[in-house]
2 protein chains.
Amino acid sequence: MSGAATREQIVDAADRLFYHRGYEHTSFADIAAAVGLSRGNFYYHFKSKDAILDAVIEARLAGTRHMLEQWESQQPTPDGRILQFVEIVLTNGTDIQQYGCPVGTLNTELAKLGHTLHGQARGLFTLFRDWLREQFTLLGHGEQADDLAMHVLAFSQGVAVLSHTFRDEEFVRREVDRMRDWLSTYRK
Amino acid sequence: MSGAATREQIVDAADRLFYHRGYEHTSFADIAAAVGLSRGNFYYHFKSKDAILDAVIEARLAGTRHMLEQWESQQPTPDGRILQFVEIVLTNGTDIQQYGCPVGTLNTELAKLGHTLHGQARGLFTLFRDWLREQFTLLGHGEQADDLAMHVLAFSQGVAVLSHTFRDEEFVRREVDRMRDWLSTYRK
DNA sequence: CACGATCTAGGACAGTTGTCCTACGAGGCG
DNA sequence: CGCCTCGTAGGACAACTGTCCTAGATCGTG
């Protein structure tokens, strides 16, 4: 197999496993088994577990950027775009119920471990934060745009943690409705 | 040393370490070092790591019940009590910035691990949820009291995750203010 | 075909994990 | 005093961790 393709497979498998089980609880052996490679051979592709994490975060950053661009092309209005973000807790509802928010749980874990790459992982949040801030600025709330962006982020994280804990879809739906109402007061 | 006192010391140390580093990332050796005991000797007090976790959760449940009773005696009005809960993200602001919410991070970790004791840990959330629901019922919002209770819980978790990630105290303050405004619309 | 680069399997490695056992010491009670 | 329970130290145990090495397979290119 080509090295680049294998590397991509490793990153894909690691991404999924880190999300489902957490970073620390995922071992080289787990990733190797998922890809179908021998454990020792990993050193050829990644010189350490941290290097895999780095690649996973990089892949998530790229994926998120791509998703945000899609949202921008699909939703012409800033409030439609913000709503698109808000509804992600419904769109990805099943995954969030089972595994939590991929961004939130990774950041929480790395922050608690005092991991070197927490700064990188925080970049995932920053991506959403900056994008949301831009949408609120376009709505004419430039001076408090960052505050509003953080509020929407906090909403998503609160819903994700409780959805993950209680596995209650109705709760998620009610919170999204509440958020929709709140958003409408900021619409042009 | 008396066995009961040693047991209490172990639970205290484990409680702190589980909060600061996470359950999985805390080893018997870590707890032993914190208490000043030999690692092998732990089996005398707890027959497994899960047994320690069980005792820690039990201790947190008892502590939480005690705190809620204190709040009830200190705050005569239901809205004052809810506000007391809301402001916990400021009261424990330093800890939350460094280690996240002790209830939220434990539940997230155990849910992701598929751990047997996740049900027990969820009880910590349920304690707050039921208590908040009671306060909203006393405020005359019986039919949507649980919904409102979950909303307040979601607020606390969203703020905790972002505070832990960004370490921004001003953000916490703004969210608490926002919550105060929201609460005032539900006051008698 | 032969060569060199690329990719792989398998295992060695030192360290750590949770678990469990045995032997010892301290202290109260007969 | 001798006994017996309670608490402890120290280490054995197998399994697993991330890391690293070496020998061989595969494959495109000269």
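Protein chains get the first letters and strands the later ones, always in sequence-line order, with residue 1 at the start of each. Just so you know, these numbers come straight off a predicted model, no measurement behind them.
- OP1 or OP2 of D:dT8 sits under 4.0 Å from a side-chain N or O of B:T6.
- For residues 35-57 of chain B, the pairs satisfying ring-ring contact (aromatic ring centres under 6.0 Å, His included) are B:F28-B:F42, with sequence neighbours left out.
- The main-chain N or O of A:R187 is never found under 3.5 Å from a side-chain atom of A:D79 such that the two would form a donor-acceptor pair.
- Here the P atom of nucleotide C:dT16 and the CD1 atom of B:I31 are 17 Å apart, to the nearest Å.
- Following chains of ILVMFWY side-chain contacts shorter than 4.5 Å, one can reach B:V35 starting from B:V56, so the two form part of one hydrophobic cluster.
- A:F18 pairs by the ring pair (Phe, Tyr, Trp, His ring centres under 6.0 Å) definition with A:Y23, not counting sequence neighbours.
- Comment: A:R65 does not engage A:E69 in a salt bridge, judged by the lack of any side-chain N to carboxylate O separation of less than 4.0 angstrom.
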Donor-acceptor contacts, no H, no angles, side chain residues 146-164 of chain A, under 3.5 Å, sequence neighbours left out:
unit_1	atom_1	unit_2	atom_2	d
A:D146	OD1	A:R129	NE	2.9
A:D146	OD2	A:R129	NH2	2.8
A:D147	OD1	B:R174	NE	3.0
A:D147	OD1	B:R178	NH2	2.7
A:D147	OD2	B:R178	NH2	3.1
A:H151	ND1	B:E175	OE1	2.9
A:H151	ND1	B:E175	OE2	3.1
A:H151	ND1	B:R178	NE	3.2
A:S156	OG	A:L153	O	2.6
A:H164	NE2	A:Q98	O	3.2

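- Comparing B:S38 and A:K49 against DNA chain D, the residue whose closest nucleotide sits nearer the 5' end is B:S38.
- Using a cut-off of 4.0 Å between Lys/Arg side-chain N and Asp/Glu carboxylate O, A:K112 and B:E109 are scored as not salt-bridged.
- The stretch residues 18-28 of chain B touches DNA chain C through B:T26, B:S27, B:F28, each having a heavy atom within less than 4.0 Å of the strand.
- The ring pair (Phe, Tyr, Trp, His ring centres under 6.0 Å) check on B:H25 picks up nothing, with sequence neighbours excluded.
- With rounding to whole Å, A:L37 atom CG is found 13 Å from C:dG10 atom C1'.
- The shortest distance between side-chain heavy atoms of A:I10 and A:L37 falls below 4.5 Å.
- For A:T126, the side chain to side chain contact (heavy atoms under 4.5 Å, CB included) criterion is met by A:R122, A:D130, B:F166, not counting sequence neighbours.
- Hydrophobic cluster membership is shared by B:L117 and B:L61, with clusters built from Ile, Leu, Val, Met, Phe, Trp and Tyr side chains linked at under 4.5 angstrom.
- Using a 4.5 Å cut-off on side-chain heavy atoms (C-beta onward), B:Q135 and B:L139 make no contact.
- Applying the ring pair (Phe, Tyr, Trp, His ring centres under 6.0 Å) criterion to A:H118, with sequence neighbours excluded, gives no partner residue.
- Using a 4.5 Å heavy-atom cutoff, the side chains of A:T64 and A:L68 are in contact.
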Atom pairs under 3.5 Å: protein N/O with N/O of nucleotides 13-15 of chain D:
none

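- Note on the helix from C:dC1-D:dG30 to C:dC24-D:dG7: angle between the axes of the first and last five pairs equals 20°, rounded to 10 degrees.
- Legend: ring-ring contact (aromatic ring centres under 6.0 Å, His included) pairs involving residues 68-87 of chain A, not counting sequence neighbours, sorted by first then second residue: A:W71-A:W131, A:F85-A:F128.
- For the segment residues 41-48 of chain B, residues with any heavy atom less than 4.0 angstrom from an atom of DNA chain D are, sorted by number, B:N41, B:Y44, B:H45.
- A heavy atom lying under 4.0 Å from DNA chain D marks none of the residues of residues 106-119 of chain A.
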